[in-house]
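Have a look at the structure below, then the notes.
Below, read A as the first sequence line, B as the second, and so on, with proteins coming before strands; counting in each chain starts at 1. Everything numeric in this text was worked out from a predicted model, so none of it was measured.
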Protein chains: 2
Amino acid sequence: MARRVRRPEARPDEILDAALAVFSETGFAGARVEDIAARAGLSKGAVYLYFESKEEMLKALVRRLADRVVGAAETLVATQPQADAEKTLRMLVTFMATQLSDPKVSAAPRLVLAEAQRFPEIGALYRDAVIARGRQLLARLCDLGVAQGTFRNIDREILLRACAGPLIAHMLLSTVFSDPAKPGPAPEIVAQGLTDIILHGVLVQS
Amino acid sequence: MARRVRRPEARPDEILDAALAVFSETGFAGARVEDIAARAGLSKGAVYLYFESKEEMLKALVRRLADRVVGAAETLVATQPQADAEKTLRMLVTFMATQLSDPKVSAAPRLVLAEAQRFPEIGALYRDAVIARGRQLLARLCDLGVAQGTFRNIDREILLRACAGPLIAHMLLSTVFSDPAKPGPAPEIVAQGLTDIILHGVLVQS
DNA sequence: ATCGTTAATGACTTTCTAGTCAGTAAGGAG
DNA sequence: CTCCTTACTGACTAGAAAGTCATTAACGAT
């Protein structure tokens, strides 16, 4: 029998780490609680000391992950010393593209995408904790750019789609739809190219 | 006992229609074969006369759905009489935004997004049958624009992300992440705004 | 009408896993 | 050392659902 260690404080985080790993490999429904427990170095029973149910684990996990990336993006924007909207937008897109190229980071949003349909609560949680904040971040940035006279005054809902969409597409193309034969372009190249299009558009003369 | 009707030719399609409905409500794992059968007006056993297994149904479904939208987009581009790249791109984005605003149409890509992680075969199928074709469609359109002198010569991988991404974002925001309190902007408005940004960018003076 | 073939049924078996709980080891207090 | 509390175990239960198959109804041909 395996040695049993007592350290209850660290358990919930350890379990959620394991859960993220297993969930993103097999999906929520395909994940076995016993596998999560094993990966966290525990027995199945112990998991139920910390979480009511498997579904409760999923919610706790998404809650924990929700603000990681958006929080980082917010501080990135907040700590921009000179408030140059164009430069800040460029930096923001680059940061997000780089982050989302890391499978460990993108595991969270991918999990949410996969399960939000089946668990509306997850979708609502993500909408309020992540999307709403991203929307506001962009809105403020847009206001700044307009005030500086460098940005056109664009509808915020459209801007959100135009900025976040390519990042999502990149994430999907470099994970679930990736062709193992030929790897996609490097994150820096993508970030560079995307900001270029978002800022200047596809047409010449701009 | 219910009346039994014999019409084997129509069955596979009817079953797949039912499967799409049930899968997009509850996800693949949550769907019960018996529910799919019931919705198709059959018993569970009959389903297994037409499909080897539940997973085989999913693959057949994705295979059937794969080219619907992309095929339509291809003919749309092909039947553009005057080969004006800008106008064609505008029309293409508008068409896709409108299509993907319809939950019945977007059910297919949403299902693929949700299940591609767990079933790599699904991801590969979609990559080859849908994404590759979209990539080529855009590449040709881009070449045309460059030849006409209206488009800048942009990396195709970047262009794919810049065009498809906002559409995916729109689809997600108007389905899984939609706020029932306030509906998002109408598809025509979104299409109009997105083409505007893709063509001219966010900056002024373009 | 009868018979053979095929479409379809639904009860059954099998498998799998979420969640439970009686019991066990570790550590601390006295 | 002894007892008590607490973290943990793992065998067990209960339920659900995939896939099977012996049986039955419908149809077409003779």
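Considering only side-chain atoms of B:Ser43, the nucleotide from D:dA18, D:dT9, C:dT9 that sits closest is C:dT9. When distances run from any side-chain atom of B:Val33 to the nucleotides D:dT9, D:dA18, C:dG19, the shortest one goes to D:dA18. With distances taken from any side-chain atom of B:Leu42 to the nucleotides C:dA18, C:dT9, D:dT9, the minimum falls on C:dT9.
With A:Met171 as reference, A:Ser106 is the one residue of A:Ser106, A:Pro166, A:Ser101 to meet the side chain to side chain contact (heavy atoms under 4.5 Å, CB included) rule.
Residue pairs meeting the ring-ring contact (aromatic ring centres under 6.0 Å, His included) criterion with at least one partner in residues 152-184 of chain B, sequence neighbours excluded, are A:Tyr126-B:Phe177. For residues 174-196 of chain B, the set of pairs meeting the salt bridge (charged side-chain N to carboxylate O under 4.0 Å, His left out) definition, not counting sequence neighbours, comprises A:Arg127-B:Asp179, A:Arg152-B:Asp196. Every pair passing salt bridge (charged side-chain N to carboxylate O under 4.0 Å, His left out) that includes a residue from residues 76-94 of chain B is listed here, sequence neighbours excluded: B:Glu86-B:Arg90. For residues 14-41 of chain A, the set of pairs meeting the ring-ring contact (aromatic ring centres under 6.0 Å, His included) definition, not counting sequence neighbours, comprises A:Phe23-A:Phe28, A:Phe28-A:Phe119. Note on residues 54-110 of chain B: no pairs pass ring-ring contact (aromatic ring centres under 6.0 Å, His included), not counting sequence neighbours.
One can place CZ of B:Phe51 at 16 Å from C1' of C:dA8, the figure rounded to the nearest angstrom. Distance A:Glu14 CD to D:dA7 P: 14 Å, rounded to the nearest Å. For the pair B:Leu49 CG and D:dT20 P, the computed distance is 11 Å after rounding to whole Å. Rounded to whole Å, atom C1' of D:dT20 lies 14 Å from atom CD of B:Glu34. Protein atom CZ of B:Phe23 is 14 Å distant from nucleotide atom C1' of D:dA17, rounded to whole Å. The CZ atom of B:Arg11 sits 9 Å away from the C1' atom of C:dA8 (whole-angstrom rounding).
Put simply, B:Tyr50 has no side-chain N or O that comes within less than 4.0 Å of OP1 or OP2 on C:dA7.
The salt bridge (Lys or Arg N to Asp or Glu O under 4.0 Å) check on A:Glu121 picks up A:Lys59, with sequence neighbours excluded. With sequence neighbours left out, B:Asp17 forms a salt bridge (Lys or Arg N to Asp or Glu O under 4.0 Å) with B:Arg64. Listed by chain and residue number, B:Ile36, B:Arg39, B:Ala40 satisfy the side chain to side chain contact (heavy atoms under 4.5 Å, CB included) test with B:Ala18 (two or more places apart in sequence, or in another chain). Residues passing the side chain to side chain contact (heavy atoms under 4.5 Å, CB included) test with A:Val47, sequence neighbours excluded: A:Ile15, A:Val33, A:Ala37, A:Met57.
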Give each protein N/O atom lying under 3.5 Å from an N/O atom of nucleotides 21-23 of chain D, with the pair distance.
none

Using a cut-off of under 3.5 Å, enumerate the N/O to N/O pairs linking the protein to nucleotides 12-14 of chain D.
none

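Residue B:Ile158 holds its CD1 atom at 11.5 Å from SG of B:Cys163, rounded to the nearest 0.5 Å.
In this structure, A:Ala37 reaches neither bases nor backbone, as no heavy-atom distance under 4.0 Å exists between it and the strands shown.
Across residues 54-63 of chain B, not one residue has a non-hydrogen atom less than 4.0 Å from an atom of DNA chain C.
Checking side-chain atoms of B:Arg110 against main-chain N and O of B:Pro103 turns up a donor-acceptor pair under 3.5 Å.
DNA chain C is contacted by both A:Ala46 and A:Arg32; A:Arg32 maps to the nucleotide lying nearer its 5′ end (nearest heavy atom per residue).
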